[in-house]
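Naming convention: chains lettered A, B, ... in sequence-line order (proteins, then strands); numbering from 1 in each chain. Fair warning: this is a prediction, and the values are worked out from it, not measured in the lab.
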There are 2 protein chains.
Amino acid sequence: MITEPSARKASAADVARAAGVSMQTVSRVARGLDNVQPATATRVREAMAELGYSPNRAARALRSGRFHTIGVIMFTLSSYGNAKFLEAIAEAASDAGYTITLLPVSHRTQGDVTGAFARLSEQAVDGIVIVIEADLLSESNVELPADLPVVIIDSSRQSERPFIDTDQALGARLATEHLLDLGHETVWHVAGPSGYYAARRREAAWRETLEAHGRVVPEPFRGDWSTESGYAAGREIARRADITAVFAGNDGMALGVLRAAHEAGRAVPASLSVVGFDDMTEAESFWPPLTTIRQSFDSVGRSAIALLLGEIAHAPRPEDVIVPTELVVRGSTAEAPGR
Amino acid sequence: MITEPSARKASAADVARAAGVSMQTVSRVARGLDNVQPATATRVREAMAELGYSPNRAARALRSGRFHTIGVIMFTLSSYGNAKFLEAIAEAASDAGYTITLLPVSHRTQGDVTGAFARLSEQAVDGIVIVIEADLLSESNVELPADLPVVIIDSSRQSERPFIDTDQALGARLATEHLLDLGHETVWHVAGPSGYYAARRREAAWRETLEAHGRVVPEPFRGDWSTESGYAAGREIARRADITAVFAGNDGMALGVLRAAHEAGRAVPASLSVVGFDDMTEAESFWPPLTTIRQSFDSVGRSAIALLLGEIAHAPRPEDVIVPTELVVRGSTAEAPGR
DNA sequence: CTCCGAGATGTTGACGTAAACATCTGCGAG
DNA sequence: CTCGCAGATGTTTACGTCAACATCTCGGAG
């Protein structure tokens, strides 16, 4: 009977012994360097396959100081945008040979955010992508490790860090002007939570667009991105016959407005026009299908990784990236009533 | 002028020197062992804070053979369920001091799945959670590393692996019986893709329930979980006056059916009742608000981690876990017309 | 006063890899 | 025919931590 091979995984040394070469040659073959004789390389590869060898990442990381891993910090995956961001980030990272490590922050308290950064410092990552409410970030007085590259999504333009974002202002302007073009007197807004730069920028651009057209700027409703908060605003909106056009800060809140309108018997779009923001997958199937602003979470996510990898490689600070947005007209908007 | 400290991160040796103790004592303090004199421990902790020391995970992993990391393999985060699973998994893992590494499989080809597993073997993980179409998994002829614990979500009950799932059968039965109780002659079904055990089990239970009640079992529509596929089925359904009750395999397809019904002027629920599955966040805000089956992605995700951690610790194979489902009645179902 | 044990602390080496440096081979120029 | 160089391959060592073992100190029992 043959003695059972040890349960330990094969190491480079084992492969070297089996192939009759040195560990160093094994290492060279494993990394695909070309200064190895083809015949030798083949022999080594056969031995690797035979023994089921794969390099130990911990040892590799220890030796090289590189983990080939990127940490991602976010609050929740429940929001459409965050899930999309993560998906794009993971794919872009994977394409570059990097792996994503998820650092969830369950509770939106400052203490929890602080804790996440503390845990972060002992993570084995080469860089970090942060997708989080900007305010909580600045409130939490933890400094990010100075030597670790960081890219923040949903941040204001700052001098130190590369900037990457959807063109929030363009989107909000397109939405507002679309409604004005349809003859509405003015446009009401269901804003996202003020802790988000995205919400603030959309609101500001909506305001500026109304002002530029000389319209009254009504007091915005304040939501928290959730359909419930959109519904709450929608009940108020549906009651008021003077409101004929609403721009919601995201599709979820727009859906809440639609529901409130249906319940109140307020016809959309005949009596009330609604525009969302995001173009989430389901938006096309809402009733009526939602007119909205399409943004490319994918591009932003991929750019974030590109930027981060650049920083990791000590590339010079790149140009800021602004990903354009686009108006998608569907069935939830129409000419102002009585016109 | 003081010479700039080296850019390298402080190591245990640096802390030891600063605190005037040995590396081993530093290690003991870092791990919170109690066999260190309080005074010494304090001195070491001060030095750690001073130097900004945190243990190097790569070295720790190399030494101990444990990475405190769990790999998660999934196709997409775009589906509500997957995002929810990942969130629950990440949180449960984090609570247990583990970190999640994401291994995305972008294309649903067998080759890509195979590639993911190949890459996986060189990952630094202690265990794996797989959330993927069961068929693709069995087709891909890669064996999972035998020594690596694996938990599969959406798998059939097998003898070798612990089993964990939502009670799909209960949910499908509740949905079907709810519609029968409302007086509908029979219930049509928009099934999910047959590659998913979840889809197959829901379909089978729907079929069994109809048979148990002595009803005709119509040919099911076949979708792919997407709202578009639900919409396609819905257009056919809306055309046919004989169909008065539909059970869709998930909420997204139910939304597609709702849209098709609206477009065709088919009143929901007066003329057509619709039930979904999942109870996604937006379901309550659909028009009409969707009657659906609530399942706890959270419980399943957390159980998956609990099971995996058990396997990692070589605990005995635990009981199978079946998480119950629940009928949530909202506005999309009503008594059969003409009754 | 001596010895012993318990608890605190120190020393050594190994984990698997890759960088730096060393050696070896063969071939062509002079 | 010798030398030197280029390319292939081997040897040594360090990365940071932790387990195992060694040592040291101190107090109490005999």
Would the A/Tyr98 and A/Phe67 ring centres measure less than 6.0 Å apart?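 No: the rings miss the under 6.0 Å criterion.
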Classify A/Arg31 by what it touches in the nucleic acid, base, sugar-phosphate, or nothing, heavy-atom distance under 4.0 Å.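 Counting heavy atoms under 4.0 Å across all strands, the contact made by A/Arg31 is with sugar-phosphate only.
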Which is true for A/Thr25 with a 4.0 Å heavy-atom rule: it touches a base, it touches only sugar-phosphate, or it touches nothing? sugar-phosphate
What's the [atom1]-[atom2] distance between [X] and [N], to the nearest Å?
| X | N | atom1 | atom2 | result |
| --- | --- | --- | --- | --- |
| A/Leu33 | C/dT17 | CG | P | 15 Å |
| B/Arg43 | C/dA8 | CZ | P | 15 Å |
| A/Arg17 | D/dG10 | CZ | P | 14 Å |
| A/Arg66 | D/dC15 | CZ | P | 18 Å |
| A/Met48 | C/dG16 | CE | C1' | 14 Å |
| B/Phe67 | D/dT17 | CZ | P | 16 Å |
| A/Leu51 | C/dG16 | CG | C1' | 15 Å |

I'd like to know if the side chain of [X] reaches the main chain of [Y], judged simply by a donor and an acceptor atom lying under 3.5 Å from each other, with no hydrogens or angles considered.
| X | Y | answer |
| --- | --- | --- |
| B/Arg43 | B/Ala19 | yes |
| B/Thr40 | B/Val36 | no |
| A/Glu311 | A/Pro149 | no |

Between B/Arg28 and B/Arg63, which is nearer to the 5' end of DNA chain C once each is assigned its nearest nucleotide? B/Arg28
Can you measure from CD1 (B/Ile153) to CD1 (B/Ile73) and round to the nearest 0.5 angstrom?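 B/Ile153 CD1 to B/Ile73 CD1: 12.0 Å, rounded to 0.5 Å.
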Candidates [options] - which lies nearest the side chain of [X]:
| X | options | result |
| --- | --- | --- |
| A/Gln24 | C/dA19, C/dT9, C/dT11 | C/dA19 |
| B/Asn35 | D/dG10, C/dA14, C/dT9 | C/dT9 |
| B/Leu62 | C/dT17, C/dG10, C/dG16 | C/dG16 |
| A/Val21 | C/dT9, D/dT17, D/dG10 | D/dG10 |

Is a donor-acceptor contact shorter than 3.5 angstrom present between the side chain of B/Arg57 and the base of D/dG16? no
When A/Pro38 and B/Ala12 are each assigned the nearest nucleotide of DNA chain D, the 5'-most assignment goes to A/Pro38
It should be established whether [X] places a side-chain nitrogen or oxygen under 4.0 Å from OP1 or OP2 of nucleotide [N].
| X | N | answer |
| --- | --- | --- |
| B/Gln37 | C/dT9 | yes |
| B/Ser27 | D/dC18 | yes |
| A/Ser22 | D/dG10 | yes |
| A/Arg60 | C/dA18 | yes |
| B/Thr40 | C/dT9 | yes |

Are side-chain N/O atoms of A/Thr101 and B/Thr99 paired as donor and acceptor at under 3.5 Å? no
